[in-house]
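All remarks here apply to the structure that follows.
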Amino acid sequence: WKSDGSAPGTVEVLPGVTASGFTVYQDHIYFTTADGFMRTNGEPGNIELVQSVYVSPVAIAQMNGILYFLANTSDAAGPLFELYRSDGSQAGTQLIQSWRYSNLIGNFTSELAVINDRLVFQCPFEAGRSLCASDGTPGGTGILKQIGSPELTFARDFTRLQDQLFFVSRSEAEGVELWVTDGTPEHTHILSDLYPGPDPAAPNYLTVMGEALYFTALTKTPGASLAELYLWKTDGSPDGTVQVIDGKNDLVKSSEIKDL
C-alpha cells in the first residue's frame, strides 16, 4: 500500500504480497518478498524484480550511493549466505561474497550497518558465525573480528554514534557486553566489562541522544548478592561510560527501565 495521509490517497500498490525491509534508494522503494528483491516507484502494479533470491531476514543498507543487501540462498550442496551490491537494476546487481553454512541452524540472520565506508555484519564461520566487514568489493570482504567461539558468537543491535558502531556481543571471558568498532580489526573491542567476569550484563535498548549512547545493563555492585538493572550512557570511551539511573531510584524501578 501507499498513502498521502488521506483516505482517498490510500491505495493498494501490489495485492497478495508480504513485503518487508522497505528502503528508499534514488527514485524507488526497494523491499523483499518470497520471490526476491523488488522495487517500485509507488504506482499501482509497477513492481520490478531486481534479484531473484530469497532474503530472510531483511538486511539492506546504502553506502556511497550503492545499495547493499544480505540474502539467504542455496544450491545443490546446501544453503548459502550472500552479500550483494546493486545500482537498483537487474544488470547492476552483483554478488560480492558467498558463505556456506549448515542447514541445521535454519536461515542465517544478520543486521547490516555502515561505518566509515565499511559494511559491518555477521557471516557464517566454521560451525557458527563471526563479525565481518566489507568495503563493497570481494577482496575487501572478510572477518573483522572473531569475538568468541563461532558457535556462541552473535552481534545484535547495531547502533551508530558519530564515527563508532556499537553492538551487543558475547565472549567466553566477559559474557554478553557492549562492543564498539570503527570498522577496522584493531579498533573492534569490548567497551567495558559492566558485569565483571563471564556473567552477562545483557545491554539492551541502545538509543542515541545528542552525543551519547544510552542503554540498560545488569551490574552487580560490591557486596550485592544479585545484579541490578541500571541505565547507562557512554560517549564511546571506557571512562565516559557511566551510570545514569540505578534500579533503586525512588522514581524509576528497575523493572520500569525499558523501551528507551
Side-chain angles (χ1 to χ4, degrees), residues 1-4 9-101 103 105-124 129-142 144 155-156 158-160 165 183:
W1 291 77
K2 73 171 184 177
S3 178
D4 61 6
T10 301
V11 297
E12 190 176 66
V13 177
L14 184 64
V17 170
T18 299
S20 58
F22 297 102
T23 300
V24 177
Y25 177 66
Q26 297 177 355
D27 56 352
H28 284 74
I29 295 177
Y30 290 77
F31 58 96
T32 61
T33 72
D35 295 322
F37 193 50
M38 319 283 284
R39 75 174 186 176
T40 180
N41 63 2
E43 294 302 318
N46 193 317
I47 306 292
E48 301 175 69
L49 179 66
V50 178
Q51 184 74 12
S52 182
V53 293
Y54 180 57
V55 183
S56 177
V58 175
I60 308 171
Q62 295 184 51
M63 183 174 72
N64 297 329
I66 300 294
L67 197 63
Y68 294 87
F69 64 94
L70 296 168
N72 279 291
T73 67
S74 63
D75 59 14
L80 294 166
F81 187 66
E82 298 180 332
L83 174 65
Y84 287 82
R85 61 178 288 156
S86 178
D87 65 2
S89 67
Q90 285 189 358
T93 301
Q94 303 168 333
L95 175 67
I96 297 174
Q97 185 74 279
S98 182
W99 296 267
R100 191 169 298 283
Y101 66 94
N103 56 12
I105 64 175
N107 281 342
F108 195 88
T109 62
S110 176
E111 299 173 37
L112 181 61
V114 177
I115 190 73
N116 299 325
D117 297 328
R118 301 278 288 175
L119 299 161
V120 178
F121 55 97
Q122 292 184 97
C123 65
R129 60 190 68 218
S130 181
L131 188 67
C132 294
S134 175
D135 63 3
T137 67
T141 301
L144 175 61
R156 62 168 172 82
F158 291 155
T159 305
R160 180 173 178 172
L165 182 69

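What you see is a predicted model; the values in this text were computed from it and never measured.
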Tyr30 and Tyr25 aromatic ring geometry - parallel, tilted or perpendicular at 30°/60° bounds: perpendicular
Whether Phe108 and Phe81 hold their rings parallel, tilted or perpendicular, with breakpoints at 30° and 60°: tilted
Ignoring hydrogens, what is the shortest heavy-atom contact between [X] and [Y]? Give both atom names and the distance.
X	Y	result
Gly88	Val50	O-CG2, 4.0 Å
Leu49	Asp35	CD1-O, 3.9 Å
Leu67	Phe37	CD2-CZ, 3.8 Å
His28	Asn41	CD2-N, 3.6 Å
Ala59	Ser110	CB-O, 3.5 Å

Give a yes or no answer on whether the side chain of [X] reaches the backbone of [Y] with a donor-acceptor pair at less than 3.5 Å.
X	Y	result
Gln97	Gly142	no
Gln62	Val114	no
Arg85	Ile66	no
Gln122	Arg129	no
Ser74	Asn72	no

Quick one: pull up [atom1] in [X] and [atom2] in [Y] and give me the separation to the nearest 0.5 Å.
X	Y	atom1	atom2	answer
Thr40	Glu48	OG1	CD	8.0 Å
Phe22	Thr32	CZ	OG1	8.0 Å
Thr73	Leu80	OG1	CG	4.5 Å
Ser20	Ile60	OG	CD1	7.5 Å
Ser134	Leu144	OG	CG	11.0 Å
Asn46	Leu14	CG	CG	10.5 Å

Results of ring pair (Phe, Tyr, Trp, His ring centres under 6.0 Å) for Tyr84 - residues two or more places apart only: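 Ring pair (Phe, Tyr, Trp, His ring centres under 6.0 Å) check on Tyr84 returns Phe69.
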Listed partners of Asp87 passing side chain to side chain contact (heavy atoms under 4.5 Å, CB included), at least two apart: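 For Asp87 the side chain to side chain contact (heavy atoms under 4.5 Å, CB included) partners, ignoring immediate neighbours, are Ser89.
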Residue pairs fulfilling salt bridge (Lys or Arg N to Asp or Glu O under 4.0 Å) with at least one residue in residues 19-32, sequence neighbours excluded: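 For residues 19-32, and leaving out neighbouring residues, there are no salt bridge (Lys or Arg N to Asp or Glu O under 4.0 Å) pairs at all.
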Close side-chain approach of [X] and [Y], heavy atoms under 4.5 Å:
X	Y	value
Leu83	Trp99	yes
Asp75	Arg100	yes
Arg118	Asp135	yes

